[in-house]
Q: 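Got a structure here, written out as structure tokens. Questions coming.
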Amino acid sequence: MIAEKVLFLVLDGISDRPCEALDGLTPLAAARTPVLDQIAAEGICGIMDSVAPGIRPGSDTSHLALLGYPPQEYYTGRGPLEAEGTGIHMTAGMIGFRCNFATVDADGLVTDRRAGRISGTEPLAEAIRDGVDLSALGVEIRFEAGAGHRAALALVGEGLGDKVSSNDPKKEGARPLTIRPCTDDPADAKTARACNEFIRQSGEILYNHPVNVRRMEEGLPPANLLLIRGAGKMGAFPQFSERYGLSGSVISAATLISGIGKVVGLEHIPVPGTTGSVDSDLDAKVRAAIEELGRKDFVLMNIKGADEAGHDGKGIQKRDFIEVIDEALAPLLDLKETLIVVCADHSTPCSVKDHSADPVPVVIRGPGVRVDRTNQFDEVSCAEGGLHRIRGRDLMPITLDLINKSHKYGA
Ligand SMILES: O=C(O)[C@@H](CO)OP(=O)(O)O
Ligand SMILES: [Mg+2]
């Protein structure tokens with residue numbers, strides 16, 4: 001039998017390094033994961049360098065690689081992808097940015113890059129859309145809230161460049177930076193000016209916003225600053241269906257991933273109750289993926305919460321959430337005729353609180369797969385599997401071959 005349907009399940013940032021809090025195990029190894037272990041036992045396992053060995057990928061570059069769009073060829077920055085995911089349609093000349101609602105203290109120091117992992121920022125986004133005016137600079141803005149502390153900005157105007165720096169100091173206790181053009185091109189100078197003015201005006205709007213007044217009363221960090229990064233113009237992406245002959249959907253609360261899906265031509269399927277965090281309704285997500293596999297050939301599903309726990313350095317929370325994921329995945333075991341690919345997009349070690357280049361575990365389970373002897377889904381066990389060590393960009397070709405849709409190389 002040959003599988004006709006493919007489920008790509010990306011467990012965002014699930015991969016880790018040994019954690020002190022877990023007696024030297026990774027959260028994935030420490031977690032009780034009977035479902036993932038059964039998938040490993042019934043499949044072929046390996047480890048994967050999403051981009052290349054030693055390269056520390058973002059979720060943007062890693063997901064592009066996994067979908068067969070190597071970032072070295074296709075990446076034009078995170079901003080436009082994140083913007084598309086929030087519903088901003090990026091057209092020629094627009095510059096997109098990823099934004100964080102963040103907290104700055106009275107001394108001007110960033111005390112929380114994620115404003116206490118705030119959620120429900122729509123009223124803040126609306127105030128920014130209504131209040132920011134960059135017309136004196138010949139620029140209009142689009143601004144949309146994303147999941148959690150995330151948001152996206154696009155600048156619209158004549159002669160805007162995308163080679164500008166970020167105001168994100170990338171660590172707490174530091175001052176936000178001034179955005180600077182990275183070249184002598186006046187277009188980049190114009191963008192940098194517009195960004196700095198946007199940050200100033202939005203900061204004023206956020207400072208006294210009732211949402212923040214209430215947060216401060218409740219002892220929560222206010223979202224009183226926007227950190228913006230990942231400037232870019234939209235790239236050109238050959239469509240998934242034409243490239244692979246497969247129709248497809250993306251299921252992800254994280255707007256970056258739904259944005260990547262959209263730009264390569266996957267239909268975004270929103271699932272109520274999913275948050276991109278550890279409180280997400282994963283049962284609903286898994287149900288939606290199974291339903292979607294009834295209509296489409298390929299489904300990309302991203303589960304984000306473990307990555308957040310890694311960024312927060314919370315090993316025990318990460319282990320516990322992995323157990324929640326595992327339970328939610330149980331219905332997938334019945335999909336005997338579907339090719340199921342499970343992997344992480346990158347490692348997010350709790351000890352690093354950011355992504356690392358450590359390779360991630362990967363398993364492929366379904367008809368035609370040569371089952372190896374690995375029966376546990378974790379970083380070390382998978383390293384002994386039959387896929388050995390592959391790159392992210394190898395995953396689509398391997399998948400297509402397993403469903404007999406690869407092209408013969410040679411005559
Ligand atoms: O969006 C996220 O989850 C992370 C990583 O991409 O970004 P940040 O560190 O700004 O929260
Ligand atoms: Mg990620």
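Heads up: numbering here begins at 1 and tracks the sequence. Atoms within a ligand are numbered from 1 in the order they appear, just like the ligands themselves.
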Q: Does ligand 1 come near enough to N100 that some N or O of the ligand is less than 3.5 Å from an N or O of the residue?
A: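 Between N100 and ligand 1, an N or O pair is found under 3.5 Å apart.
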Q: Judged by non-hydrogen atoms, does R98 sit under 4.0 Å from ligand 1?
A: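 For ligand 1, residue contact (heavy atoms, under 4.0 Å) with R98 is present.
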Q: Would D60 and R98 pass as an ion pair if we require N to O under 4.0 Å?
A: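 Looking at D60 and R98, the cut-off is not met.
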Q: Flag K170 as yes when one of its N or O atoms lies below 3.5 Å from any N or O atom of ligand 1, and as no otherwise.
A: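 No.
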Q: Distance under 4.0 Å to a non-hydrogen atom of K304: what atoms of ligand 1 satisfy this?
A: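 Selected atoms, number and element: 2 (C), 3 (O).
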Q: As a check for students: among R150, R114, R229, identify the option with a heavy atom nearest to atom 10 (O) of ligand 1.
A: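 The option holding the nearest heavy atom is R229.
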Q: Distance-only check: which donor-acceptor pairs under 3.5 Å involve side-chain atoms of residues 260-268, not counting sequence neighbours?
A:
unit_1, atom_1, unit_2, atom_2, d
K262, NZ, E84, O, 3.1
E267, OE1, K296, NZ, 2.6
H268, NE2, S252, O, 3.4

Q: Given 3.5 Å as the limit, does a donor-acceptor pair link the side chain of D112 with the main chain of T103, or not?
A: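 Not a single qualifying donor-acceptor pair exists.
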Q: In plain terms, say whether R287 and E291 are close enough for a salt bridge, that is, a side-chain N and a carboxylate O under 4.0 Å apart.
A: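 The answer is no: the pair does not qualify as a salt bridge.
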Q: Mark up the atoms of ligand 1 that fall under 4.0 Å of a heavy atom belonging to H149, in ascending order.
A: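 Matching atoms, with element in brackets: 8 (P), 11 (O).
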Q: Check contact between E308 and ligand 1, using heavy atoms of the residue and a distance below 4.0 angstrom.
A: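 Per 4.0 Å heavy-atom rule, E308 does not contact ligand 1.
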Q: Before accepting this row, confirm whether a basic side-chain N of the pair E308/R117 lies closer than 4.0 Å to the acidic partner's carboxylate O.
A: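 The answer is yes: the pair qualifies as a salt bridge.
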Q: Does ligand 1 have an atom under 4.0 Å from some heavy atom of R78?
A: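 So R78 counts as touching ligand 1.
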Q: Is there a side-chain contact between H346 and T348, using heavy atoms and a 4.5 Å cut-off?
A: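 Yes - at least one pair of side-chain heavy atoms lies under 4.5 Å apart.
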Q: Are E122 and R129 within salt-bridge range, i.e. N to O under 4.0 Å?
A: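 A salt bridge links E122 with R129.
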Q: Give the atoms of ligand 1, by number and element, whose distance to some non-hydrogen atom of R113 is under 4.0 Å.
A: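 Listed by number with element, the hits are 8 (P), 9 (O), 10 (O).
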